[in-house]
Every structure is written in C-alpha cells, then in structure tokens.
**Student:** 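Quick one: this structure, given as structure tokens, is what I'll be asking you about.
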Amino acid sequence: MGIPGLEESHLLLSIIFFIIYVLALMGNSTLLLVITISESLHQPMYLFLMMLSVGDILLSSSTVPKALSIFWLGSHAISFNGCLIQIFFIHFICMTESAVLLAMAYDRYIAICHPMTYVTKLTPSFIRLVMVISLARSVVIMIPVILLLRRLPYQGSNVIEHTYCEHMAMARLATASIMANIIYGMVIIICTSVIDLFLIGLSYVSIIRAVMALSTSRARHKTFSTCVSHICVIILLYVPAFFSFITHRIPHTLIPPYVHILVANLYVLVPPMMNPIIYGVRTKEIRQRIVLLFRMK
C-alpha cells in the first residue's frame with residue numbers, strides 16, 4: 001500500500017527515493033569499477049568493501065523498484081511467492097552485510113594491533129572463506145523464515161501497509177498464531193546483529209587500547225582515522241535496523257505506522273547511497289583513483 005497516512009506525499013517521496021536510488025547505483029558501481037581495475041586496491045579491506053557495495057546494490061534494487069511502481073503506476077499487487085522472495089533477499093543481504101562489517105572490523109584489528117601478521121592472516125583464501133561463511137550463514141538462517149511464513153494460513157486481509165514485503169508485516173496477515181515467527185525473529189537478531197556488534201565492539205576496544213599506547217597524538221590520530229569510515233558505515237546500518245525492529249513491537253498508538261515505514265525505507269536507501277560517499281571521501285587511495293578515472297574519461 002506504499003506509506004499509509006502520507007498518500008498526498010507519495011509523488012514527492014518517490015522523487016526522493018528515485019534520486020537516492022540512482023546515487024546509490026552510481027556510487028557503488030563506481031567503487032566496484034575503481035577497485036576492480038586498480039591492482040593496488042586488491043587488498044583485503046577493499047575486497048570487503050567490494051562485497052559491501054554488491055550488497056548495497058542488491059539491497060536497494062530488491063525494494064526501490066517495487067516502491068516506485070506503487071508510487072508512479074499504482075502497481076500494488078505482488079504474488080505470494082514474489083513476496084517471500086523479496087523477504088528472503090532483503091534479510092539475506094542485510095545479514096551478509098553485517099558479517100562483512102565484522103570481517104572489516106577484524107581487518108582493522110589485525111592491521112593496527114598485529115601489523116606484522118597482517119599479510120599471513122588476511123590471505124586470499126581467508127577472504128574467500130569469509131565470503132562463503134557469510135553467505136552460508138545468511139541462507140541457513142533465512143530458510144526457516146520462509147518455511148514459517150509458508151505454513152501460515154492467510155484467509156483474511158491481503159493488504160500489507162508497507163512499500164515492500166517485510167517478515168513481520170506479512171506474518172501479521174495470517175489467521176493463526178505467529179508466536180513462532182516472533183520468537184525466531186528475536187533469535188535471528190541475537191544470532192546475527194547482536195553477536196556481530198558485540199565482536200565488532202571487542203575489536204574496537206583492542207584497537208583503542210593500541211592507539212592510546214602510541215607515543216604521539218599525531219600517530220594516534222593517523223592510525224584511528226583509518227577506522228572512521230568503518231564506524232560511520234556501522235552506525236548507518238545498525239541504527240535504523242534496531243529502530244525498525246523496536247517500532248515493530250511498539251503499539252501503533254504510540255508511534256504512527258508511517259514513521260516505521262519511512263525508517264524501514266531509509267534503512268534500505270541511505271546506507272547504500274552513503275557508503276561509497278563515506279569511503280570515497282575518507283579513503284585517500286580510493287579518492288585518488290576515482291579522480292584519475294574521470295580524468296582518463
């Protein structure tokens with residue numbers, strides 16, 4: 001149904017969504033191109049960044065086109081299986097990106113706390129292993145979600161008040177108990193985001209200790225500045241995600257439904273747009289390569 005309560009603003013919102021989506025595609029595509037053609041950037045941190053960019057393109061592309069078709073064409077219908085596929089890919093990509101951010105934190109931890117072992121620990125085979133484990137974890141966790149949704153009877157309303165299919169929004173259409181879905185949703189949050197954030201936090205505790213042990217303030221600033229981009233991306237990904245998770249469990253009398261829907265859309269729009277900007281501005285090597293690429297063109 002799009003964003004109920006903001007029907008008069010659908011056209012304006014669609015223009016904003018479209019601009020952000022185009023910027024996200026352009027930014028992440030440029031980042032992928034620059035890292036791919038620059039051999040000097042074929043390092044673990046940038047390869048993880050490539051994984052993040054691919055995830056950002058897929059995440060925004062799995063939601064925004066359908067939202068724009070609702071706003072512009074009034075195309076509200078979606079098949080049952082189509083809804084399940086959209087749910088699978090949205091959550092699959094988000095969990096994979098969370099794992100990639102954890103891998104990037106590990107990269108910074110080794111680079112700052114154990115620099116002499118960096119080359120031996122973050123090998124190409126290790127990076128491939130991280131990618132396989134990240135994808136496998138997301139698939140294994142998401143299969144029960146789809147099975148739990150498929151087993152439910154849907155004999156009542158078929159209207160989802162959202163711009164895309166979302167796990168709990170679809171589960172609430174069922175005419176049977178969804179307690180299993182709610183409990184498993186909590187398990188997913190704990191097994192992915194909470195554990196990933198905890199391990200990221202541990203890595204940064206060690207990083208801060210190592211940085212504070214440096215002799216000069218200039219050295220401390222230079223070393224920690226390599227982590228700023230990663231911290232910004234973590235905030236962009238997790239803050240809207242947790243807010244969306246919490247508002248799903250707060251009565252609509254306290255928070256209007258359109259607030260939750262807007263936040264849920266920002267979650268799939270803003271990080272994909274901002275991630276390449278953050279890394280492009282903050283990372284000297286990427287910035288130089290992008291400038292060189294456009295000069296060549």
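Excluded from the calculations below are hydrogen atoms, water molecules and symmetry mates; all remaining heavy atoms, backbone and side chain alike, are included.
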**Student:** When rounded to the nearest 0.5 angstrom, what is the spacing between CG in Leu197 and CG in Leu202?
**Tutor:** 11.0 Å
**Student:** Judged by modelled atom types alone, do Ser98 and Ser193 share a side-chain donor-acceptor pair under 3.5 Å?
**Tutor:** no
**Student:** Could you pull out all residues at least two apart from Ile70 that satisfy side chain to side chain contact (heavy atoms under 4.5 Å, CB included)?
**Tutor:** Lys66, His76
**Student:** So, the side chain of His167 versus the backbone of Gly185: is there a donor-acceptor pair under 3.5 Å, distance only?
**Tutor:** no
**Student:** Among residues two or more places apart or on two chains, list those pairs meeting side-chain hydrogen bond (donor to acceptor under 3.5 Å, both in side chains) that have a residue in residues 122-136.
**Tutor:** Thr123-Ser125
**Student:** Below 4.5 Å, heavy atoms only, C-beta onward: do Pro44 and Phe126 meet side chain to side chain?
**Tutor:** no
**Student:** Compare all side-chain heavy atoms of Tyr238 with those of Tyr267 and state whether any distance is below 4.5 angstrom.
**Tutor:** no
**Student:** Do Val263 and His260 touch side chain to side chain, with heavy atoms closer than 4.5 Å?
**Tutor:** no
**Student:** Is the count of non-hydrogen atoms from other residues, nucleotides or ligands lying under 6.0 Å from Tyr118 atom OH greater than 12?
**Tutor:** yes
**Student:** Report, one line per pair, each donor and acceptor closer than 3.5 Å where one atom sits in a side chain of residues 80-91; sequence neighbours left out.
**Tutor:**
residue : atom : partner : partner atom : Å
Asn81   : OD1  : Arg150  : NH1          : 2.9
Gln86   : OE1  : Cys165  : N            : 2.8
Gln86   : NE2  : Ser62   : O            : 2.8

**Student:** Checking Leu266 now: which residues fulfil side chain to side chain contact (heavy atoms under 4.5 Å, CB included) with it, not counting sequence neighbours?
**Tutor:** Val270
**Student:** Check for me, please, whether Val130 and Val119 land in the same ILVMFWY cluster - side-chain distances under 4.5 Å, paths through other members count.
**Tutor:** no
**Student:** Rounded at 0.5 Å granularity, tell me how far CG in Leu148 sits from OH in Tyr184.
**Tutor:** 7.5 Å
**Student:** State, yes or no, whether a side-chain contact exists between Trp72 and Phe18 at a heavy-atom distance under 4.5 Å.
**Tutor:** yes
**Student:** Taking Met168's backbone N and O only, do any of them form a donor-acceptor pair with Glu166's side chain (distance below 3.5 Å, no angle check)?
**Tutor:** yes
**Student:** Rounded at 0.5 Å granularity, tell me how far CE in Met186 sits from CD1 in Ile190.
**Tutor:** 5.5 Å
**Student:** Strictly distance-based, threshold 3.5 Å: is any side-chain N or O of His162 a donor or acceptor partner for the main-chain N or O of Ile3?
**Tutor:** no
**Student:** Test of understanding: clusters of I, L, V, M, F, W, Y form through side-chain heavy atoms closer than 4.5 Å, transitively. Do Leu149 and Ile182 belong to the same one?
**Tutor:** yes
**Student:** How would you list, by chain and number, every residue that makes a ring-ring contact (aromatic ring centres under 6.0 Å, His included) with His114, sequence neighbours excluded?
**Tutor:** Tyr109
**Student:** Name all pairs fulfilling the salt bridge (Lys or Arg N to Asp or Glu O under 4.0 Å) condition that reach into residues 190-202, sequence neighbours left out, sorted by first residue then second.
**Tutor:** Arg137-Asp196
**Student:** Show me, pair by pair, the donor-acceptor contacts under 3.5 angstrom made by side chains of residues 47-58, not counting sequence neighbours?
**Tutor:**
residue : atom : partner : partner atom : Å
Ser53   : OG   : Asn28   : OD1          : 3.3
Ser53   : OG   : Leu49   : O            : 3.2
Asp56   : OD2  : Asn275  : ND2          : 2.8

**Student:** Would a 4.5 Å heavy-atom cut-off, applied to side chains only, mark Tyr154 and Asn158 as touching?
**Tutor:** no
**Student:** Got a second to check how far Met26's CE is from Leu31's CG, nearest 0.5 Å?
**Tutor:** 13.0 Å
**Student:** Under the 4.5 Å side-chain heavy-atom rule for ILVMFWY, direct or indirect, which residues accompany Leu129?
**Tutor:** Ile133
**Student:** Quick one, Met170 and Leu152 - any side-chain contact, counting heavy atoms below 4.5 Å?
**Tutor:** no
**Student:** Which atom names give the shortest non-hydrogen contact between Tyr164 and Ala264, and what distance separates them?
**Tutor:** OH-O, 3.1 Å
**Student:** Determine whether Ile141 and Met131 fall in the same hydrophobic cluster, where Ile, Leu, Val, Met, Phe, Trp and Tyr are linked whenever their side-chain heavy atoms lie under 4.5 Å apart.
**Tutor:** yes
**Student:** For residues Tyr106 and Ile200, determine if any side-chain heavy atom of one lies less than 4.5 Å from a side-chain heavy atom of the other.
**Tutor:** no
**Student:** Looking at Asn265 and Thr163, what are the two nearest heavy atoms and their distance?
**Tutor:** OD1-OG1, 2.8 Å
**Student:** Within this structure, what is the CD-OG1 distance for the pair Gln155 and Thr175, rounded to the nearest 0.5 Å?
**Tutor:** 4.0 Å
**Student:** Are Ser60 and Val268 side-chain neighbours, meaning at least one heavy-atom pair lies under 4.5 Å?
**Tutor:** no
**Student:** Count I, L, V, M, F, W, Y as connected when their side-chain heavy atoms are under 4.5 Å apart, and connections chain through other members. Are Val140 and Ile143 then in the same cluster?
**Tutor:** no
**Student:** Carefully, step by step, assess Met95 and Ile188 under the rule side-chain contact (heavy atoms from CB on, under 4.5 Å).
**Tutor:** CA-CA 9 Å; Met95 283 186 282; Ile188 290 175; 4.0 Å; yes
**Student:** Can you measure from CG (Leu101) to CD1 (Ile234) and round to the nearest 0.5 angstrom?
**Tutor:** 5.5 Å
**Student:** Take Ser38 and Tyr46 through the test side chain to side chain donor-acceptor pair (under 3.5 Å) and record every step on the way to the result.
**Tutor:** CA-CA 11 Å; Ser38 304; Tyr46 301 116; over 6 Å; no
**Student:** Hydrophobic clusters join Ile, Leu, Val, Met, Phe, Trp and Tyr when side-chain heavy atoms are under 4.5 Å apart, directly or via other members; which others share one with Val205?
**Tutor:** none
**Student:** Could you tell me whether Phe198 atom CZ has more than 12 heavy atoms of other residues or ligands within 6.0 Å of it?
**Tutor:** no
**Student:** Starting from the C-alpha separation in whole Å, work towards a yes-or-no answer on side-chain contact (heavy atoms from CB on, under 4.5 Å) for Thr120 and Thr117.
**Tutor:** CA-CA 5 Å; Thr120 57; Thr117 64; 3.9 Å; yes
**Student:** For residues Ile178 and Ala171, report the shortest heavy-atom separation together with the two atoms involved.
**Tutor:** CG2-O, 3.2 Å
**Student:** Are Met212 and Ile231 linked, directly or through intermediate hydrophobic residues, by side-chain heavy-atom contacts shorter than 4.5 Å (ILVMFWY only)?
**Tutor:** yes
**Student:** Who pairs with Ile20 by side chain to side chain contact (heavy atoms under 4.5 Å, CB included), at least two apart in sequence or on another chain?
**Tutor:** Ile16, Leu269, Met273
**Student:** Filter on side-chain hydrogen bond (donor to acceptor under 3.5 Å, both in side chains), then keep only pairs touching residues 200-209, sequence neighbours left out; what's left?
**Tutor:** Tyr204-His230
**Student:** Does Pro4 have any side chain to side chain contact (heavy atoms under 4.5 Å, CB included) partners at least two apart in sequence or in another chain, and if so, which?
**Tutor:** Met1, Glu7, Glu161, Ile261
